[in-house]
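Just so it is clear, the values below take in all heavy atoms, side chains as well, and ignore hydrogens, waters and symmetry mates.
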Amino acid sequence: MKLSTFLFTFIFVCISFFVLGQKSEKFFPKKDLMPTGVYYYPEQWPNHQWERDIKNISLMGFEFVHFAELSWSTMEPEEGKYNFGWLDTAVALAGKYNMKVVLGTPTPSPPVWMAEKYPEILMVKETGMVIQHGTREHHTWSSKIYDDFVYKVVKQMGQRYGQNKIVWGWQIDNEPGHYGNYDYNDVSQKAFREWLKIKYKNDITKLNTTWGNAFWSQTYSKFEQIRIPNEKELVHGLNPHAILDYKRFYTSEFHRFVMSQYNTLRQNVSSSQWITTNVQHSLVHTVDHEGLKGLDLVAYTMYPVTGGWDPTGLGEEGYRMGRPFSINFANDFYRPLTGHTGVMELQPGQVNWGKCNPQLNPGVVRMWLWHSYAGGCSFACSYTYRQPLTGSEQYHYGMVGPDGVTPLSGGKEYSQAMKEMKMLRKEYNPNFAMPKDYAKRQTGILYNSENLWEMDYQKQT
């Protein structure tokens with residue numbers, strides 16, 4: 001073994017075992033280091049190409065494949081009529097080619113029949129405009145009707161695949177958080193009032209005192225008079241205490257939405273299958289993620305280069321390399337919640353949503369994978385295997401092009417990193433001990449979402 005290879009191996013194995021510590025190996029045995037996977041959407045491609053694609057995913061070096069998180073209209077094309085045949089085929093093909101499967105619940109993308117028949121489920125903007133079907137994450141977390149549909153489809157999935165040996169784990173929803181948008185739906189208004197009643201023990205005087213409502217004659221006589229603070233409804237100067245309570249409420253709805261799915265799955269799936277969600281780290285300040293500690297781990301999505309000039313990027317070509325602290329901070333932010341974390345979406349190449357979509361510098365994708373490993377990720381997954389041919393993300397790169405066979409630059413770098421990971425596994429030493437003086441070094445991160453919410457509105461402070 002070359003000296004450089006030996007040092008590379010030694011450094012990363014040392015870092016890995018120091019970071020991962022003595023946590024349970026139930027889901028993620030230390031000897032596996034960091035398995036790597038990729039998203040694939042069989043419902044978006046002709047079914048005669050599925051086996052070729054899934055076989056090639058395996059040949060490229062991936063150890064698991066991710067299905068289904070945006071496929072509700074395929075899964076339940078009509079109310080109460082479920083279609084899992086296509087997903088059965090995809091899961092079986094993954095097993096045939098010696099890969100595990102991560103299944104996503106389809107709840108970020110309700111089908112159009114639901115929006116048409118039950119418009120209560122749709123979010124409402126601060127302007128009063130109802131957000132319509134046509135994209136994703138357009139549902140409100142506060143709708144009991146939506147809760148019922150979510151419970152039914154998640155239970156169906158859990159019962160069908162919960163004992164399947166090919167299925168390794170589950171992802172709840174996809175980047176839950178409404179991409180930084182807040183909801184002003186009537187059902188959300190009512191849910192906010194009920195949350196306030198509980199917090200203030202049904203004492204409107206206590207709320208008035210806490211919010212300082214004597215100022216500007218904002219005093220309420222009953223909870224039903226309270227509306228979600230909305231600058232589009234008011235002339236000037238929102239009550240900052242009301243904003244803070246609303247964001248606390250919104251976070252509690254987020255926690256309830258995710259954890260209710262967790263509970264439904266956990267009641268129906270094997271104890272050997274782990275359950276997570278993939279929070280959107282770029283919007284970490286929108287909702288507090290502390291309440292997700294009940295998951296088996298909290299995974300995140302990471303796109304260090306999102307298009308356009310970024311002065312905080314690494315070096316003179318930072319806009320092609322990304323910010324060096326993004327992955328590192330995410331690893332150290334999410335790992336302590338449960339003792340494990342993973343990157344569920346790691347950028348494979350150019351994205352589609354930037355003002356411009358620069359090509360990444362050669363080696364950057366591989367670098368990000370090793371940063372993920374060094375930060376203690378239990379797995380790394382990328383969106384997506386095959387660059388979409390149509391739809392909203394057709395300019396988002398994958399491992400291969402739209403033809404399904406031509407490797408793109410990111411795919412080549414993933415393959416290289418996966419080969420290196422298998423090399424490192426041969427060097428695994430279960431008896432390795434971190435030097436005592438190094439192991440004693442500790443760093444704390446103090447991060448408070450409520451302080452950020454307050455400063456978001458009153459930046460001058």
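Looking at V305 and V351, their side chains never come closer than 4.5 Å, going by heavy atoms from C-beta outward. In this structure, S378 and F27 have side chains that are not in contact, with every pair of non-hydrogen atoms separated by 4.5 Å or more. Using a 4.5 Å heavy-atom cutoff, the side chains of V102 and W170 are not in contact. With contacts defined as side-chain heavy-atom distances shorter than 4.5 Å, the pair Q394/L389 does not qualify. Side-chain contact between K125 and Y182: absent, with no pair of heavy atoms (C-beta onward) separated by less than 4.5 Å. Under the 4.5 Å side-chain criterion, counting only non-hydrogen atoms from C-beta, T264 is in contact with K155. A heavy-atom distance below 4.5 Å is found between the side chains of I204 and F223. Here the side chains of V405 and V400 are not in contact, with every heavy-atom distance at 4.5 Å or above.
With salt bridges taken as basic N to acidic carboxylate O contacts below 4.0 Å, one links K197 and E224. Salt bridge present: E233 and R227 bring a charged side-chain N and a carboxylate O closer than 4.0 Å. Taking a cutoff of 4.0 Å between a charged side-chain nitrogen and a carboxylate oxygen, R256 and D147 qualify as a salt bridge.
Between Y262 and D296, the side chains place a donor N or O and an acceptor N or O closer than 3.5 Å (distance only, hydrogens not considered). Q171 and T276 form no side-chain donor-acceptor contact under 3.5 Å, judged by distance and modelled atom types alone. Side chains of D53 and Y40: a donor-acceptor N/O pair is present below 3.5 angstrom, by distance only. Y41 and E69 form a side-chain donor-acceptor contact under 3.5 Å, judged by distance and modelled atom types alone. Side-chain contact check for N239 and N213: at least one donor-acceptor pair (N or O, by modelled atom type) lies under 3.5 Å. Looking only at atom types and distance, the side chain of E393 has a donor-acceptor partner in the side chain of Y383 under 3.5 Å away. Between the side chains of D173 and Q261, not a single donor N or O lies within less than 3.5 Å of an accepting N or O. Donor-acceptor pairing under 3.5 Å is lacking for the side chains of W168 and Q273. A donor-acceptor pair shorter than 3.5 Å can be found between the side chains of Q359 and Q350. Neither side chain, E290 nor Y447, offers a donor N or O lying under 3.5 Å from an acceptor on the other. Between S221 and Q225, the side chains place a donor N or O and an acceptor N or O closer than 3.5 Å (distance only, hydrogens not considered). No hydrogens or angles considered: nothing links the side chains of N208 and T205 as a donor-acceptor pair under 3.5 Å. Under the 3.5 Å distance criterion, with hydrogens and angles disregarded, a donor-acceptor pair is assigned to the side chains of Y161 and D88. Y300 and N331 share a side-chain donor-acceptor pair at under 3.5 Å. In this structure, a donor-acceptor pair under 3.5 Å is absent between the side chains of W453 and D288.
Here H139 and H178 bring their ring centres to under 6.0 angstrom of each other. For Y118 and F149, the ring centers sit closer than 6.0 Å to each other. Under the 6.0 Å cut-off for aromatic ring centres, F325 and F329 do not qualify, their centroids lying 6.0 Å or more apart. Ring to ring, Y246 and F192 are close: their centroids are under 6.0 angstrom apart. Taking the ring centroids of F28 and H340, they lie under the 6.0 Å cut-off. Taking the centre of each ring, Y385 and H66 stay at or above the 6.0 Å mark. The ring of H281 has its center closer than 6.0 angstrom to the ring center of Y334.
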Open item on the list: Working note: S382 + Y39, criterion side-chain contact (heavy atoms from CB on, under 4.5 Å); need CA distance, chi angles, decisive distance, verdict.
Closed with: CA-CA 6 Å; S382 182; Y39 284 64; over 6 Å; no
Open item on the list: One pair to check against side chain to side chain donor-acceptor pair (under 3.5 Å): Q163 and S270. What are the steps and the verdict?
Closed with: CA-CA 6 Å; Q163 308 305 317; S270 167; 4.5 Å; no
TODO: Give the C-alpha distance, both sets of side-chain angles, the deciding distance and a yes or no for salt bridge (Lys or Arg N to Asp or Glu O under 4.0 Å) between E63 and K100.
DONE: CA-CA 6 Å; E63 295 167 287; K100 300 174 182 177; over 6 Å; no
- [ ] Starting from the C-alpha separation in whole Å, work towards a yes-or-no answer on side-chain contact (heavy atoms from CB on, under 4.5 Å) for D245 and L196.
- [x] CA-CA 8 Å; D245 261 349; L196 292 171; 3.9 Å; yes
Open item on the list: Set out, in order, the CA-CA distance, both residues' side-chain angles and the distance that settles salt bridge (Lys or Arg N to Asp or Glu O under 4.0 Å) for D186 and K190, then state yes or no.
Closed with: CA-CA 6 Å; D186 284 345; K190 293 176 183 177; over 6 Å; no
- [ ] Please test L283 against Q280 for side-chain contact (heavy atoms from CB on, under 4.5 Å), starting from the C-alpha separation and ending with a verdict.
- [x] CA-CA 6 Å; L283 294 175; Q280 190 176 21; 3.2 Å; yes
Open item on the list: Run R320 and L360 through side-chain contact (heavy atoms from CB on, under 4.5 Å) and show every step you take.
Closed with: CA-CA 5 Å; R320 297 179 66 194; L360 306 182; 5.6 Å; no
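Distance check: E253 CD to D183 CG gives 9.5 Å after rounding to the nearest 0.5 Å. Atoms CD1 and CG, from I327 and L346 in turn, are 5.5 Å apart once rounded to the nearest 0.5 Å. The CH2 atom of W86 sits 3.5 Å away from the OG atom of S71 when rounded to the nearest 0.5 Å. Between T105 atom OG1 and M75 atom CE the span is 8.5 Å, to the nearest 0.5 Å. Remark: M321 CE to W368 CH2 distance equals 9.0 Å, nearest 0.5 Å. Atom CD of E43 sits about 8.0 Å away from atom CG of L70, to the nearest 0.5 Å.
Here the side chain of T140 pairs no donor or acceptor atom with the backbone of L122 at under 3.5 angstrom. The backbone N or O of G80 lies less than 3.5 Å from a partner atom in the side chain of E76, making a donor-acceptor pair. With hydrogens and angles disregarded, no donor-acceptor distance shorter than 3.5 Å links the side chain of K81 to the backbone of E78. Y146 places a side-chain N or O within donor-acceptor distance of the main-chain N or O of T107, the cut-off being under 3.5 Å. Judged by distance alone, the side chain of W50 and the main-chain N or O of W45 form a donor-acceptor pair under 3.5 Å.
By the 30° and 60° cut-offs, the orientation of the rings of W141 relative to F254 is tilted. Between W353 and H396, the angle of the ring planes lies from 30° to 60°, which puts this pair in the tilted group.
Minimum heavy-atom separation, S392 to N352: O-ND2, 3.1 Å.
Screening S109, P106, P108 against N174 for a side-chain contact (heavy atoms from CB on, under 4.5 Å) leaves a single residue, P108.
More than 12 non-hydrogen atoms from other residues, nucleotides or ligands lie less than 6.0 angstrom from NZ of K199. Atom OH of Y179 sits in a crowded spot, with more than 12 heavy atoms from other residues, nucleotides or ligands closer than 6.0 Å. The local environment of CD in E231 is sparse, with at most 12 non-hydrogen atoms from other residues, nucleotides or ligands closer than 6.0 Å. Shown here is Y82, whose OH atom has more than 12 heavy atoms of other residues, nucleotides or ligands within 6.0 Å.
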